[in-house]
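Note on naming: letters A, B, ... go to the chains in the order of the sequence lines (proteins, then strands), and numbering restarts at 1 for each one.
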2 protein chains.
Amino acid sequence: MSASTKLSTAVQALCVLAANRDCPHSSESISRETGIHPSRIRGILAMLSREGLVLSTRGLSGGFALAREPHTIHLQEIYCAVEERKAFHLDVTRAGGTKYPLPARVNGWFLDLFSDIQIQIEERMRTITLADVLRHIHVPQS
Amino acid sequence: MSASTKLSTAVQALCVLAANRDCPHSSESISRETGIHPSRIRGILAMLSREGLVLSTRGLSGGFALAREPHTIHLQEIYCAVEERKAFHLDVTRAGGTKYPLPARVNGWFLDLFSDIQIQIEERMRTITLADVLRHIHVPQS
DNA sequence: TAAATTGTTACTGGTCCTGTGACAATTGAG
DNA sequence: CTCAATTGTCACAGGACCAGTAACAATTTA
């Protein structure tokens, strides 16, 4: 698969944060709106926090909040924060080496093609912001 | 992942078939040139055979051969013959239903976006033929 | 009749993802 | 200060998918 549910979970959580920016949201409260396990939400929002997309504070009345305006948060950032692997990649564990020149050459060609496609996809995702998503799914922004 | 090694294996096998079109190639002989297990090659070439990309004959002096000219075989056909899953897809096992409207809406939006990207990728792969691959990896065509 | 070959199935092992629980670290309230 | 709430992180089990391999029936030719 190209995109795991992590990406969807991240966007859902960001939508919750964007819907009400007055106070931080706990993983519990986000879970109540999405049905996703709080621990999972914490794990994914921690990744977004490391990339500076959300702010997190511990302790009483702590929680998560958007770090920037929704129209400045791009889908590509969310994707890269959450997914380690490339969107479009090829498993080339079999190097081939000198014994089998054909697989080495074919895999090399594929790697070039796929990294090219990868760039195309990321460019496309860079044109979509969290504000666009909110508009499309009709979530009122505060 | 987006593309398994099946796609690479399929292209490698097609390159072997294209390099010498005079006689059918057995899975054994293709294995000797690629290092891939004969059973795996048979499985993948059976998929290509079902889609009409290669011809297969059993029995003595049987084997596999290209069904069409290399410049009429497009990468997109190979891909679709070999991969069940979409190149760019999202696991949306969690339907959400009426209890959680947010995930349902976000996942629906993602499905639209991804099928759009999928179309882009397939269009790109439709512009690449087996003959192009052979040229790029310097395999002489007979 | 026998040998060679494909087509298909089953099994094993590995990797990744999801869901879940647990607990230390941190922070604010009283 | 003490305690409760919260994040950050780790560990574990279960499932899905894939690669690699072996085995065997079906088919075809010599």
Side-chain angles (χ1 to χ4, degrees), chain A residues 1-10 12-13 17 23-32 34-51 54-65 67 81-87 89-96 103 107, chain B residues 1-10 12-13 17 23-32 34-51 54-65 67 81-86 89-95 103 107:
Chain A
M1 134 175 158
S2 286
S4 61
T5 56
K6 277 186 291 190
L7 179 58
S8 172
T9 299
Q12 289 174 47
L17 299 188
C23 60
H25 295 248
S26 71
S27 58
E28 279 288 347
S29 74
I30 298 175
S31 172
R32 269 191 297 270
T34 59
I36 299 165
H37 196 281
S39 185
R40 178 144 248 279
I41 289 175
R42 287 201 298 274
I44 288 172
L45 286 187
M47 299 191 233
L48 298 182
S49 172
R50 259 175 245 130
E51 300 300 319
V54 306
L55 303 172
S56 67
T57 53
R58 298 188 177 188
L60 261 172
S61 77
F64 301 94
V82 147
E83 300 281 349
E84 294 299 315
R85 322 177 71 173
K86 293 292 186 183
H89 79 111
L90 180 67
D91 281 330
V92 280
T93 56
R94 169 187 305 278
N107 284 336
Chain B
M1 126 179 167
S2 287
S4 61
T5 57
K6 277 185 290 188
L7 179 58
S8 172
T9 300
Q12 289 173 48
L17 300 187
C23 59
H25 295 248
S26 71
S27 59
E28 279 288 348
S29 73
I30 298 175
S31 172
R32 270 190 299 271
T34 59
I36 298 164
H37 196 282
S39 185
R40 179 138 247 273
I41 289 176
R42 287 201 296 277
I44 288 171
L45 286 186
M47 299 191 232
L48 299 183
S49 171
R50 260 176 245 129
E51 299 300 318
V54 306
L55 302 172
S56 68
T57 53
R58 298 187 176 188
L60 263 172
S61 76
F64 301 94
V82 148
E83 301 280 351
E84 293 300 316
R85 319 176 72 171
K86 293 292 186 183
H89 79 110
L90 179 68
D91 280 330
V92 279
T93 56
R94 169 187 305 279
N107 284 336

With rounding to the nearest 0.5 Å, note down the distance linking [atom1] in [X] to [atom2] in [Y].
X      : Y       : atom1 : atom2 : answer
T9(B)  : N107(A) : OG1   : CG    : 8.0 Å
T5(B)  : I44(B)  : OG1   : CD1   : 6.5 Å
H37(A) : S27(A)  : NE2   : OG    : 9.5 Å
L45(B) : S26(B)  : CG    : OG    : 11.0 Å
R42(B) : I30(B)  : CZ    : CD1   : 10.5 Å

Take atom [atom1] of [X] and atom [atom2] of [N], then tell me their distance rounded to the nearest Å.
X       : N       : atom1 : atom2 : value
I41(B)  : dT6(C)  : CD1   : C1'   : 13 Å
I30(A)  : dA5(D)  : CD1   : P     : 18 Å
Q12(B)  : dA19(D) : CD    : P     : 12 Å
N107(A) : dA19(D) : CG    : C1'   : 14 Å
I36(A)  : dC17(C) : CD1   : P     : 16 Å
L55(B)  : dG7(C)  : CG    : C1'   : 16 Å
R40(B)  : dA10(C) : CZ    : P     : 17 Å
I44(B)  : dT6(C)  : CD1   : P     : 14 Å

Side-chain donor or acceptor of S31(A) paired with backbone N/O of I36(A) under 3.5 Å: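 Yes, the answer is positive, given that a donor and an acceptor are paired below the 3.5 Å cut-off.
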
Any side-chain N or O of [X] less than 4.0 Å from the OP1 or OP2 oxygen of [N]?
X      : N       : value
S27(A) : dT7(D)  : yes
H37(A) : dG21(C) : yes
H25(B) : dT5(C)  : no

List the steps and the verdict of side chain to side chain contact (heavy atoms under 4.5 Å, CB included) for E51(A) and V82(A). CA-CA 9 Å; E51(A) 300 300 319; V82(A) 147; over 6 Å; no

Show me the protein contacts with nucleotides 1-3 of chain D, counting only N or O atoms at under 3.5 Å.
none

Nucleotide by nucleotide, nucleotides 8-15 of chain D touches protein heavy atoms under 4.0 Å in the pattern (B base, S sugar-phosphate only, - none) BB------

I need the minimum non-hydrogen distance between A65(B) and L17(B), along with the two atoms involved.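 The pair with the smallest heavy-atom distance is C-CD1, 3.9 Å.
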
